[in-house]
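Count residues from 1 along the sequence. Computed over heavy atoms, backbone and side chain alike; hydrogens, waters and symmetry mates excluded.
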Amino acid sequence: QVQLVESGGGLVQPGGSLNLSCAASGSFFGINVMGWYRQAPGKQRDLVATITNDGVTDYADSVKGRFTISTISRDNAKNTVYLQMNSLKPEDTAVYYCYSVVRWFVISTYWGQGTQVTVSS
């Protein structure tokens with residue numbers, strides 16, 4: 001089993017910043033991909049950003065250009081992924097979920113419990 005523990009969510013004013021982190025623990029040989037999705041009330045869960053184990057990143061169009069170029073990063077030694085969010089807008093309000101594609105005897109996807117991000121004045 002793999003556990004993903006997220007932290008860093010909270011309430012922030014428009015234009016502010018937050019840094020989310022997600023640490024994976026458990027039994028696995030390695031983690032192919034780590035990333036973040038988000039789900040706003042009444043909407044589907046959408047991709048925010050992903051990063052492979054060799055550092056290749058991908059971002060949703062909705063966050064490109066607003067978040068810093070080094071928005072998503074990971075520390076492979078700590079099995080941790082980070083999401084730096086800048087210039088936050090009210091429409092960024094959502095529950096943010098960490099996910100990982102993990103190599104064990106099979107390849108499996110795991111999700112964190114989610115962390116609330118609220119952008120409001």
Side-chain angles (χ1 to χ4, degrees):
Q1 274 293 346
V2 175
Q3 296 78 42
L4 301 177
V5 179
E6 299 139 331
S7 61
L11 173 65
V12 63
Q13 293 187 342
S17 300
L18 280 176
N19 189 18
L20 307 182
S21 63
C22 171
S25 62
S27 301
F28 48 86
F29 298 127
I31 304 177
N32 290 349
V33 181
M34 301 188 82
W36 294 90
Y37 278 68
R38 67 185 181 185
Q39 187 168 19
K43 296 188 177 181
Q44 66 181 22
R45 189 175 297 187
D46 291 327
L47 171 72
V48 178
T50 61
I51 183 168
T52 67
N53 57 358
D54 55 3
V56 177
T57 60
D58 188 29
Y59 298 94
D61 289 340
S62 60
V63 304
K64 284 180 182 177
R66 272 197 306 123
F67 294 173
T68 63
I69 196 169
S70 58
T71 290
I72 187 168
S73 61
R74 63 188 281 179
D75 184 333
N76 289 334
K78 297 180 179 180
N79 296 313
T80 299
V81 63
Y82 305 94
L83 182 67
Q84 175 66 40
M85 302 185 292
N86 299 329
S87 303
L88 286 163
K89 299 180 178 181
E91 52 262 43
D92 294 314
T93 295
V95 178
Y96 284 69
Y97 295 92
C98 169
Y99 88 105
S100 294
V101 179
V102 173
R103 300 193 313 275
W104 187 222
F105 292 101
V106 296
I107 295 177
S108 303
T109 299
Y110 292 89
W111 293 88
Q113 79 284 358
T115 185
Q116 178 70 47
V117 171
T118 302
V119 185
S120 175
S121 55

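For Gln13 (side chain) and Ser121 (main-chain N/O), no donor-acceptor pair under 3.5 Å exists by modelled atom type. The backbone N or O of Leu83 lies less than 3.5 Å from no partner atom in the side chain of Thr71, so there is not a single donor-acceptor pair.
Looking at Thr80 and Asp75, their side chains never bring a donor and an acceptor atom within 3.5 Å of each other.
Residues Tyr99 and Ile72 fall into different hydrophobic clusters, defined by Ile, Leu, Val, Met, Phe, Trp and Tyr side chains chained together at heavy-atom separations under 4.5 Å. The cluster map of Ile, Leu, Val, Met, Phe, Trp and Tyr, joined by side-chain heavy atoms under 4.5 Å apart, puts Leu88 and Val95 in different clusters. Under the 4.5 Å side-chain heavy-atom criterion for grouping Ile, Leu, Val, Met, Phe, Trp and Tyr, Val81 is connected to Val2 within one hydrophobic cluster.
When side chains are defined from C-beta on, Thr52 does not count as touching Asn32, because their heavy atoms never get closer than 4.5 Å. Taking the side chain as every heavy atom from C-beta outward, Gln84 and Ser17 approach each other to under 4.5 Å. Considering only heavy atoms from C-beta on, Ile31 stays 4.5 Å or farther from Val101 through its side chain. Side-chain contact between Tyr97 and Arg38: absent, with no pair of heavy atoms (C-beta onward) separated by less than 4.5 Å. Looking at heavy atoms from C-beta onward, Trp111 lies out of side-chain contact with Cys98 at the 4.5 angstrom threshold. Using a 4.5 Å cut-off on side-chain heavy atoms (C-beta onward), Thr57 and Thr50 make no contact. Contact annotation: the side chain of Met85 approaches that of Leu20 to within less than 4.5 Å [non-hydrogen atoms, C-beta and beyond]. Between Phe105 and Phe29, some side-chain heavy-atom pair lies under the 4.5 Å cut-off.
Ring centroids of Tyr37 and Tyr96 are separated by 6.0 Å or more, keeping the two rings apart.
Distance check: Tyr82 OH to Ser73 OG gives 7.0 Å after rounding to the nearest 0.5 Å. Between the CG atom of Asn53 and the CE atom of Met34 there is a distance of 11.0 Å, given to the nearest 0.5 Å.
Of all the heavy atoms in Leu47 and Asp58, the pair that sits closest is CD2-OD2, 4.5 Å. When all heavy atoms of Leu4 and Ala24 are compared, the closest pair comes out as CD2-CB, 3.4 Å.
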Run the side chain to side chain contact (heavy atoms under 4.5 Å, CB included) check on Phe28 and Asn79 step by step: do they pass?
CA-CA 11 Å; Phe28 48 86; Asn79 296 313; 3.6 Å; yes
Please evaluate residues Thr109 and Val102 with respect to the criterion side chain to side chain contact (heavy atoms under 4.5 Å, CB included), reporting the C-alpha separation (whole Å), side-chain torsions for both, the decisive distance (0.1 Å), and the verdict.
CA-CA 6 Å; Thr109 299; Val102 173; over 6 Å; no
Worked verdict on Thr118 versus Thr93 for side-chain hydrogen bond (donor to acceptor under 3.5 Å, both in side chains):
CA-CA 5 Å; Thr118 302; Thr93 295; 5.2 Å; no
Walk me through it: do Val48 and Asp46 pass the test side chain to side chain contact (heavy atoms under 4.5 Å, CB included)?
CA-CA 6 Å; Val48 178; Asp46 291 327; over 6 Å; no
Between Val119 and Val117, does a side chain to side chain contact (heavy atoms under 4.5 Å, CB included) hold up when you go through it step by step?
CA-CA 7 Å; Val119 185; Val117 171; 4.3 Å; yes
